[in-house]
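No experiment lies behind these values; they were computed from the predicted model shown. Numbering starts at 1 and runs along the sequence shown. All values below were derived from every heavy atom in this structure, side-chain atoms included, with hydrogens, water molecules and symmetry-related copies excluded.
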Amino acid sequence: MPNPAYPPALETFWLNRATALRQPPNTDTLLDQLRPEVSRLSDLFTIDRAAGFGRYGEEDTAQLAYGLFFFPQTYVRTRLVLDECLAGGRWTPPSDRPVRVLDLGAGLGAALLSAAHALAPRPTTLCALDHAPRSLATLRDLFADQGLTAETRVGHLLQPLPAEEKWDLILCSFALNEALAGEPGADVPAWLRRLLQHLHPGGLLLLLEPALTSASERLEGLRDVLADQGHGRIIAPCLHHLPCPLRRDGRSFCHEVRRWAAPKSMTYLNRHLFRDLQVLKYSFLAVTQTERPPTPAEATRARLIAPVDEQNGKVVTRGCAADGLTHEYEVLTRHLSRDEQAALAATERGARVHWPELVSKSKGRVLRAAGKPTIEE
């Protein structure tokens, strides 16, 4: 399926809000004024976890910079993951009542709004929890502008939820790493197990984090705890419930790399920042409150964990397979038509694929496929 686009109406909302608050002579001047704040936030999210790290949501300039530069990325990343969960019946929301959605650490509402759009036209009941009241006030304005309503709660995402509450979808999008920056001793596995108990039968818990080594490896560790203790069914990114081979081998960390089209205002802001806007990178974990079906331990079904590369008459890549192992895969280009070569070259890291007949090569180090794999929706 094609990667989702960022809705122009959301870019318009943030431009209009920034114009109303700052009253610049033109849009270019407005964006030039916000660029230093975008740069500051970018460093804050990646390399500069200074004191007060999580308080940017209380500042008008930071909100505007986030809304124009980071909000689009969170929105599309969340939509990419939700579309995968909804595809192929991996997660089935209720059809006889509104879908209840809770966003923990909601910030300005990018993930919650993305979920509402992904679930449309199903009716939804939306709730945003965040520690920053001013972020929640802006979120309410944004949702009203989009014809939606959301309940908002001030609170910390690691705090226990009311015992009686049940949800169909619980989101925590790019917020866990921020919460843990101020609470390094938090028992995250216990928090995760509690959240699963707040899901309706068949409900979905979705964690998204930056493609940073520390955040990604934390998700891998949480994933192994759930897999080992039998909590929930892992529907993505893994195709199995065996120990994570990447974590076991210590060779790399699990993350996605997906192409997208950045909005024009974001591209302008990036003119002197030189961030890579061609792709979105992120890590995630999707778990449903359903029983685990038996999974065939096969190498033919895999999730790509490396780019697709053409070299010396063959196309090569690497995948984490349903047998709980990582494998090197290759296809000889002479077995592919020109269109098949182009399609395979365009296959992105993170794609779920089903390889045709495989033959072991190079003393078992490589699996050679008879042709191009099928991309799973």
Side-chain angles (χ1 to χ4, degrees), residues 1-4 74 76-93 99 101 111 114-115 118-119 168-174 176 192 195-196 199 202-211 215-228 230-247 252-258 260 280-298 300-306 318-326 347-354 373-377:
M1 68 180 72
N3 288 346
T74 298
V76 176
R77 287 164 171 151
T78 305
R79 184 63 187 268
L80 281 163
V81 174
L82 280 171
D83 284 353
E84 176 178 338
C85 292
L86 289 164
R90 297 183 187 99
W91 173 51
T92 304
V99 185
V101 185
S114 184
L119 290 166
D168 299 301
L169 170 59
I170 298 178
L171 295 164
C172 185
S173 183
F174 299 91
L176 180 60
L192 197 61
L195 289 182
L196 288 171
L199 289 174
L204 172 65
L205 172 62
L206 181 57
L207 305 181
L208 288 98
E209 286 285 82
S216 299
E217 290 180 344
R218 182 186 298 116
L219 280 188
E220 290 174 1
L222 291 172
R223 177 254 177 231
D224 272 3
V225 169
L226 296 182
D228 179 63
H231 297 289
R233 175 189 175 191
I234 299 167
I235 62 170
C238 312
L239 307 182
H240 59 83
H241 289 84
L242 298 167
C244 172
L246 294 177
R247 182 167 180 257
S252 61
F253 60 92
C254 182
H255 67 283
E256 310 293 297
V257 181
R258 299 301 178 98
W260 77 310
L280 294 172
K281 298 180 181 180
Y282 57 94
S283 301
F284 79 100
L285 179 63
V287 185
T288 57
Q289 191 65 298
T290 55
E291 293 186 7
R292 299 176 181 179
T295 303
E298 55 187 4
T300 54
R301 292 184 61 245
R303 189 181 198 97
L304 299 191
I305 56 173
R318 188 163 168 252
C320 182
D323 61 1
L325 302 173
T326 59
T347 304
E348 298 178 292
R349 176 176 180 145
R352 303 167 75 117
V353 301
H354 196 154
T374 301
I375 310 298
E376 292 186 6
E377 294 295 330

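The shortest side-chain heavy-atom distance between Thr326 and Arg318 falls under the 4.5 Å cut-off. Proximity of Leu207 to Phe284: side-chain heavy atoms (C-beta onward) are nowhere separated by under 4.5 Å. Residues Arg77 and Pro4 are not in side-chain contact: their nearest non-hydrogen atoms beyond the backbone lie 4.5 Å or more apart. The side-chain heavy atoms of Cys172 and Leu208, taken from C-beta on, include no pair separated by under 4.5 Å. You'll find the side chain of Leu204 reaches within 4.5 Å of the side chain of Ile235, heavy atoms only. Within the 4.5 Å cutoff, the side chain of Val353 has heavy atoms near those of the Leu304 side chain. The shortest distance between side-chain heavy atoms of Trp260 and Leu80 does not fall below 4.5 Å. Two residues are said to be in side-chain contact when any heavy atoms from C-beta on lie closer than 4.5 Å; Pro93 and Leu86 meet this criterion.
Proximity of a side-chain donor or acceptor of Arg258 to a complementary backbone N or O of Arg349 within less than 3.5 Å is detected. The closest donor-acceptor contact from the side chain of His241 to the backbone of Ile234 lies under 3.5 Å. Panel note: side chain Arg303, backbone Cys238; no donor-acceptor pair is recorded below 3.5 Å. With Asp224 contributing its side chain and Cys244 its backbone, the two residues share a donor-acceptor pair below 3.5 Å. Side-chain atoms of Arg292 come within 3.5 Å of backbone N or O of Gly232 as a donor-acceptor pair. When atom types are taken as modelled, the side chain of Trp91 and the backbone of Glu84 share no donor-acceptor pair closer than 3.5 angstrom. The backbone N or O of Ala87 sits less than 3.5 Å from a side-chain atom of Arg90, completing a donor-acceptor pair. Between the Glu256 side chain and the Lys281 main chain, no donor and acceptor come within less than 3.5 Å of each other.
We find that Glu220 and Arg247 are not joined by a salt bridge, their nearest charged nitrogen and carboxylate oxygen being 4.0 Å or further apart.
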Problem set entry | Worked check of side-chain contact (heavy atoms from CB on, under 4.5 Å) between Leu219 and Arg223 | CA-CA 6 Å; Leu219 280 188; Arg223 177 254 177 231; over 6 Å; no
For this session: Take Ser283 and Ser216, measure what side chain to side chain donor-acceptor pair (under 3.5 Å) needs, and give me the verdict at the end.
Result: CA-CA 6 Å; Ser283 301; Ser216 299; 2.4 Å; yes
